[in-house]
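These numbers were taken from a predicted model, which means no experiment stands behind them. Just so it is clear, the values below take in all heavy atoms, side chains as well, and ignore hydrogens, waters and symmetry mates.
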Amino acid sequence: MKNFITLKEFLIAHKKEYLLGIFWVFFVDLIGLITPKIIGSFTDRLSAGTLDHAGIWKYAGIILGVAALTGVSRYFWRVYIMGTARTSEVYLRDKLYSHLQTLSPNFFNYNKTGDLMAHATNDLNAIRMALGPGFLSFIDPMFVLTFTLFMMIYTVGWQLTLLSLAPMPLLILISRMFGKVIHKRFSEVQESFGSLSDRVNESFAGARVVKTFVQEDAEIQKFTSINQVNFQRNLKLARVNGIYNPLVMLVSTFSFLIALSYGGILVVRGSITLGEFISFNTYLALMTWPMMAIGQVINIWQRASASMERINIIMNTKPEIIDGPQVRADKTDLEGSIELRNLTFTYPGTDRPVLKQLNVTIPAGKKVAIIGRTGSGKTTLLSLLLRMYNAPEGQLLIDGIDIHQIPLETLRENIGYVPQENFLFSKSIRDNIGFSGRGSYSQAQIEAAATLAQVHGNILDFTDGYDTMLGERGVTLSGGQKQRVSIARAVIKNPKVLILDDSLSAVDTHTEEEILRGLKEIMQGRTSLIIAHRISTIKDADEILILDDGEIIERGTHEELLTNTGLYYELYQKQLLEEQIASTND
Ligand SMILES: Nc1ncnc2c1ncn2[C@@H]1O[C@H](COP(=O)(O)OP(=O)(O)OP(=O)(O)O)[C@@H](O)[C@H]1O
């Protein structure tokens, strides 16, 4: 039960609905006791020959009335219990989603999307089942068993009742034994379903790569084997259920057997009437469902508990990147100066530093470029600036204060970031560009940003213009167009700091020049950090840093760097040569 602590708040808030639900279950179970008594009395009067036509109609009327009342009451219990269980699913899904939003990018490096989706679907469904049908299957049998037991003792005495119920403790034993196995096997099923969802998600997301590498058959094989594992695990669970449910049935059949044989003897002896015997057996029949239900309850709750355990692992994951106690809440704006003080950074879970003792000061409003071989740590530095990862205390300062003292919202709202991988949402181009404004940007602002990013013309070429819907990952746009929409999305924020991570690599040199000219205008007085592989992108920067294996090996302006014969000079010569070859080929 301790797994369900996550739902404490919800259950307290919805106790009224559950109490009303309990009332209606209580009421249905209470009136359910009338029918067996009526049938018994009907039998006795019939065998005594004291029943006329009107009497028969009266009995029929009562039975019909009870059935109608039961139907109406059942409607209410469904509304209160099942309805609240549905609400719990919405509550928990929202809570899970909101919590996932707070977790750091590192969490998503280690947890696969498909598996997280399985948590949000299958696991939540199992929990809903417990709070709806599972809860009902718990309280209903409690009432039915108590009431029926009372009526049985009242009708035929305690000896026959006790004897008939003698096999019942066996039920508890069986349920305890099977409960543990069901919990374990259901956890395994959910886990394999997570892997299955993840496989599907990954292979669809990478559909183009799969096709271009002609890996369809291999993908099908991989899918089939995971599907088989999932099937086998479901089968193992079904096997437990297959033994468990008939065992529960068998125990209740023993009860019937005792009731029939010993009850029959009592009727023959004349200790009880035939009517009482029939009433007793009808009560015993009433008990069959609750007994089965107790078996089901254990099953449902064990599944839910396994699912809740999985959800709790996520819910108990503490967000690593948060506003700590040292945060300065009054810092609602940035000026844009950046300082790296001996910055050394190692990714969590690894032991090799990716950035080593970097010392850089970027005054507000300056343009700094970073260039270097792949894997030299350029993107890592930007991730630290955006606090996607935590830099060591005191080594990364913005506006002269430690980055950890700046509220996350202030930090990120004031940085315009164009990532290396231009992820666009499956929304219209307008919504993608205006992503940060949640619909508050005017069409003129959106168009201005698009013009600056040199993509306005392209957008107008689409039939639906700014309303053009982008497929998953913006598949309808070319690489260069995606980059430019992504630039427009960053600059519309009018950020104090603009970060471009190799964001002009997919546009031709002419467009690049146009974009840079536009950016120069908007970034007047604002800080920009540009990563590039092409020297043409960065040559007018105030300072260029050359990063190699996490260290700054050269720094200076374009002109200063060309006076050395270092890596920058080497890169420049290589790119000049490439350009010359390209122009001779034209
Ligand atoms: N989340 C991570 N966990 C562990 N190591 C990482 C992680 N992300 C990047 N790295 C490693 O850190 C190093 C620097 O990576 P980074 O992405 O910063 O390089 P880069 O200079 O931006 O490269 P490129 O020009 O190819 O984009 C690489 O060796 C990379 O494998």
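Lys331 has a carboxylate O that lies under 4.0 Å from a charged side-chain N of Asp399, or vice versa, which qualifies the two as a salt bridge. Ion pairing between Glu89 and Arg93 holds under the 4.0 Å rule for side-chain N and carboxylate O. Salt bridge present: Arg373 and Asp548 bring a charged side-chain N and a carboxylate O closer than 4.0 Å. The pair Asp549-Lys356 meets the salt-bridge criterion, since a charged nitrogen lies less than 4.0 angstrom from a carboxylate oxygen.
Proximity of a side-chain donor or acceptor of Asp323 to a complementary backbone N or O of Leu408 within less than 3.5 Å is detected. No donor-acceptor pair under 3.5 Å is formed between the side chain of Asp542 and the backbone N or O of Val368. A donor-acceptor contact shorter than 3.5 Å is absent between the side chain of Asp123 and the backbone of Gln190. Listed for the Lys95 side chain is no donor-acceptor partner under 3.5 Å among the backbone atoms of Tyr97. Between the side chain of Arg199 and the backbone N or O of Phe223 there is no donor-acceptor pair closer than 3.5 Å. Under a 3.5 Å cut-off, the side chain of Asp501 and the backbone N or O of Val418 do not form any donor-acceptor pair. Put simply, the side chain of His404 never gets that close to the backbone of Gly324: no donor and acceptor are under 3.5 Å apart. Not a single donor-acceptor pair under 3.5 Å links the side chain of Ser104 to the backbone N or O of Pro319. Without hydrogens or angle criteria, Glu543 side chain to Ile362 main chain gives no donor-acceptor distance under 3.5 Å. The backbone N or O of Asn230 lies less than 3.5 Å from a partner atom in the side chain of Asn234, making a donor-acceptor pair.
Here the side chains of Asn390 and Ile321 are in contact, with some heavy-atom distance below 4.5 Å. At a threshold of 4.5 Å between non-hydrogen side-chain atoms, the residues Arg387 and Ile406 do not count as touching. The shortest side-chain heavy-atom distance between Asp464 and Met469 does not fall under the 4.5 Å cut-off. For the pair Leu561/Tyr572, no side-chain contact is recorded, criterion being any heavy-atom separation below 4.5 Å from C-beta on. Contact check for Phe462 versus Leu477: side-chain heavy atoms found under the 4.5 Å cut-off. Taking the side chain as every heavy atom from C-beta outward, Tyr466 and His456 approach each other to under 4.5 Å. Looking at Leu116 and Phe107, their side chains come closer than 4.5 Å, going by heavy atoms from C-beta outward. Contact of the Arg555 side chain with the Glu560 side chain is not registered, since no non-hydrogen atoms from C-beta on lie closer than 4.5 Å.
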Subject >> Residue pair Ile433, Val485: steps toward the side-chain contact (heavy atoms from CB on, under 4.5 Å) verdict >> reply: CA-CA 6 Å; Ile433 296 178; Val485 169; 4.0 Å; yes

**OP:** Under the side-chain contact (heavy atoms from CB on, under 4.5 Å) rule, what do Leu358 and Leu545 come out as? Steps first, then yes or no, please.
**Re:** CA-CA 10 Å; Leu358 304 186; Leu545 308 172; over 6 Å; no

**OP:** Assess whether side-chain contact (heavy atoms from CB on, under 4.5 Å) is satisfied between Thr84 and Leu131, documenting all intermediate values.
**Re:** CA-CA 8 Å; Thr84 313; Leu131 295 184; over 6 Å; no

Original post:
Can Leu384 and Ile403 be said to form a side-chain contact (heavy atoms from CB on, under 4.5 Å), step by step?
Top reply: CA-CA 9 Å; Leu384 295 182; Ile403 194 166; over 6 Å; no

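Note on ring orientation: taking the six-membered ring where Trp is involved, the planes of His14 and Phe10 are parallel (angle under 30°, cut-offs 30° and 60°). By the 30° and 60° cut-offs, the orientation of the rings of Phe425 relative to Phe423 is perpendicular.
Residues Asp198 and Thr113 come closest through the heavy atom pair OD1-N, 3.5 Å. Heavy atoms only, all atoms of each residue included: Gly377 and Leu355 are closest at O-CD2, 3.4 Å. Here the closest non-hydrogen pair linking Ala450 and Ile459 is CB-CD1, 4.1 Å. Lys378 approaches Thr374 most closely through the heavy-atom pair NZ-CA, 4.1 Å. Residues Thr346 and Pro353 share a closest heavy-atom pair of OG1-CA, 3.4 Å. Across every non-hydrogen atom of Thr527 and Ala364, the tightest pair is OG1-CA, 3.5 Å.
For Gln326, the CD atom counts as densely surrounded, since its 6.0 Å shell holds more than 12 non-hydrogen atoms of other residues, nucleotides or ligands. Residue Tyr347 qualifies as enclosed at atom OH: its count of foreign heavy atoms under 6.0 Å is above 12. For CG of Asp461, the number of neighbouring non-hydrogen atoms (other residues, nucleotides, ligands) closer than 6.0 Å is greater than 12. Enclosure of atom NZ in Lys15 is not indicated, since only 12 or fewer non-hydrogen atoms of other residues, nucleotides or ligands lie within 6.0 angstrom. The number of heavy-atom neighbours closer than 6.0 Å to CZ of Phe108, taken from other residues, nucleotides and ligands shown, is above 12. A 6.0 Å sphere centred on CD of Glu216 holds more than 12 heavy atoms belonging to other residues, nucleotides or ligands.
Asn125 and Asn122 share no donor-acceptor pair across their side chains, judged by distance under 3.5 Å alone.
Residue Glu447 holds its CD atom at 15.5 Å from OH of Tyr441, rounded to the nearest 0.5 Å. The CG atom of Asp431 sits 8.5 Å away from the CG atom of Asp467 when rounded to the nearest 0.5 Å. In this structure, the separation between OG1 on Thr468 and CD1 on Ile429 is 4.5 Å, given to the nearest 0.5 Å. In this structure, CD1 in Ile492 is found 11.5 Å from CG in Asn432, a value given to the nearest 0.5 Å. Distance OG1/Thr6 to CG/Leu92: 7.0 Å, rounded to 0.5 Å. Between Ser528 atom OG and Lys366 atom NZ the span is 11.0 Å, to the nearest 0.5 Å.
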